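Take a look at the structure below.
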Amino acid sequence: MTVSPASLLDALGEVLLDKERALRLILSGFLAGGHVLVEDVPGVGKTTLSLGLARLLGLDFTRVQMTADMLPGDILGSSLFDPREQRFTFHRGPIFHAVVLMDEINRASPRSQSALLEAMAEGQVSADGQSFPLPKPFFVIATQNPQEHAGVFPLPESQLDRFTLRLSLGYPSREAERRLLAGENRRPADLQALADAALLRQWQAAVAAVFLSPELQEMLLALAQCSREDARVRTGLSPRGLLALKASAQAWAFLAGRDFVTPDDLRAVTVPVLGHRLLSSASLGGDELTALLMQDTWGFGP
């Protein structure tokens with residue numbers, strides 16, 4: 001297929017109006033081989049975005065509505081006894097789709113949340129002593145309600161660390177809502193696939209090959225070291241988080257049509273990558289803490 005990432009972003013922008021930065025971040029998370037957490041109030045287009053992205057990418061999609069009574073088997077699948085074969089057979093759950101929307105993930109219990117850890121980190125599911133590979137590419141978009149909402153379970157640090165990026169869509173602008181009322185947006189059902197799994201794997205390989213200069217590597221290392229030594233930080237940047245930051249910057253550069261990373265690429269993705277990973281020992285939010293570390297270490301903020 002002869003399609004560029006820019007044309008895919010343009011098509012997705014016709015579904016979710018006036019959200020270019022958020023769409024670029026989400027696609028960066030996908031091309032970096034990671035997963036994305038969207039924290040927002042209901043009704044701002046999270047499901048529409050997920051379905052539209054899956055259709056444009058040419059991948060199969062499923063939505064899992066997370067609830068407090070959900071069990072790990074409802075996500076991963078379970079083994080049922082086959083009387084004809086006289087043995088247990090594993091029946092795959094909804095996680096075995098290429099694009100999976102975990103809607104309101106923090107309404108599920110920690111036990112169900114933990115069922116996603118292996119799938120998101122290793123691209124496989126283990127059951128009954130066997131490992132079942134997930135599709136390639138495999139992408140989880142999870143949404144969560146704000147923590148002040150009733151009936152939510154905060155995601156543990158280990159779960160948060162599996163998400164490459166965290167972001168918020170926010171409310172649309174007045175002009176975007178005017179266009180929405182006029183019916184100028186496209187519905188996901190009207191979209192045609194612009195890519196396929198083979199092309200997407202090529203894009204992901206190209207992202208991994210985007211050049212990161214030694215100078216920018218030193219910037220990343222300095223930020224990681226600062227996060228581990230700063231008294232304001234309770235939990236510093238892990239090696240997984242450092243690699244996620246590198247991959248996200250490479251993906252952002254790739255979407256800009258470049259084969260090398262610039263400081264502006266780092267500036268664009270650092271808060272979405274680190275804001276949910278860095279925990280403060282003071283009364284600072286993760287995004288604010290990340291911005292302060294960027295300023296202290298690099299001399300510029302987001």
Side-chain angles (χ1 to χ4, degrees), residues 21-40 44 46-47 49-50 53-54 61-64 66 72 75-76 94-95 97-125 134 137-147 152-170 204 207 220 224 227 235-252 266 268-280 285-287 289-290 302:
R21 172 172 166 78
L23 298 179
R24 190 176 289 269
L25 282 171
I26 289 173
L27 192 54
S28 293
F30 170 78
L31 292 176
H35 311 283
V36 173
L37 177 64
V38 183
E39 183 178 58
D40 230 317
V44 293
K46 300 184 294 292
T47 303
L49 166 64
S50 305
L53 180 63
F61 168 82
T62 192
R63 172 188 177 186
V64 181
M66 306 292 273
I75 301 170
L76 305 179
I95 197 68
H97 285 74
V99 179
V100 182
L101 171 62
M102 294 293 178
D103 212 0
E104 298 183 304
I105 188 173
N106 57 343
R107 289 200 179 278
S109 68
R111 180 184 179 190
S112 295
Q113 292 175 12
S114 66
L116 298 170
L117 293 177
E118 181 187 18
M120 294 174 65
E122 301 177 29
Q124 66 177 25
V125 169
L134 294 170
F138 170 68
F139 184 50
V140 172
I141 304 179
T143 70
Q144 70 170 353
N145 296 321
Q147 295 302 321
V152 300
F153 299 88
L155 295 181
E157 296 173 25
S158 58
Q159 181 70 66
L160 285 172
D161 199 39
R162 289 331 194 260
F163 288 102
T164 304
L165 296 154
R166 185 201 62 177
L167 59 112
S168 173
L169 294 178
Q204 289 182 332
V207 165
L220 293 180
S227 74
T235 301
L237 181 60
S238 68
R240 182 190 289 124
L242 184 64
L243 292 173
L245 181 54
K246 173 197 173 188
S248 298
Q250 289 173 307
W252 189 273
L266 294 179
V269 301
T270 298
V271 170
V273 173
L274 302 190
H276 60 291
R277 288 184 162 92
L278 299 183
L279 301 181
S280 174
D287 291 357
L289 179 60
T290 302

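Below, each value reflects all heavy atoms present in this structure, side chains not excepted, and no hydrogens, waters or symmetry copies. In this text the structure is predicted, and so the values were computed from the model without any measurement.
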Would you please name every residue forming a side-chain contact (heavy atoms from CB on, under 4.5 Å) with [X], sequence neighbours left out?
X      : value
Asp103 : Thr47, Arg63, Gln65, Leu101, Thr143
Thr270 : Leu223, Leu245, Leu266, Leu274, Thr290, Met294, Trp298
Glu118 : Glu122, Gln124, Ser126
Ser168 : Asp40

Residue set satisfying ring pair (Phe, Tyr, Trp, His ring centres under 6.0 Å) with Phe163, at least two apart, ordered chain then number -> none
Considering residues at least two apart in sequence or located in another chain, which fulfil the ring pair (Phe, Tyr, Trp, His ring centres under 6.0 Å) criterion with Phe61?
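For Phe61, no residue satisfies ring pair (Phe, Tyr, Trp, His ring centres under 6.0 Å) once neighbours in sequence are set aside.
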How are the rings of Phe139 and His35 set relative to one another: parallel (under 30°), tilted (30 to 60°) or perpendicular (over 60°)?
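The arrangement is parallel - the two ring planes meet at less than 30°.
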Report yes or no: do Gln144 and Glu39 form a side-chain donor-acceptor pair below 3.5 Å?
yes
Between atom CD1 of Ile75 and atom CD1 of Ile105, what is the distance when rounded to the nearest 0.5 Å?
7.5 Å
With heavy-atom distances below 4.5 Å as the criterion, would you say the side chains of Leu155 and His276 are in contact?
no
With side chains defined as the heavy atoms from C-beta onward, is the minimum distance between Leu25 and Trp252 less than 4.5 Å?
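Yes; the side chains approach each other to less than 4.5 Å.
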Is there a side-chain contact (heavy atoms from CB on, under 4.5 Å) between Ile95 and Val125? Walk through the geometry before answering.
CA-CA 9 Å; Ile95 197 68; Val125 169; 4.0 Å; yes
Counterpart residues, salt bridge (charged side-chain N to carboxylate O under 4.0 Å, His left out), relative to Arg24 (two or more places apart)
Glu20
For Arg240, check salt bridge (charged side-chain N to carboxylate O under 4.0 Å, His left out) against everything at least two apart and list the hits.
Asp161
Tightest non-hydrogen contact, residues Leu167 and Ala22, listed as CD1-CB, 4.0 Å
For Ala251 and Leu31, the nearest pair of non-hydrogen atoms, with its separation, is CB-CB, 4.2 Å
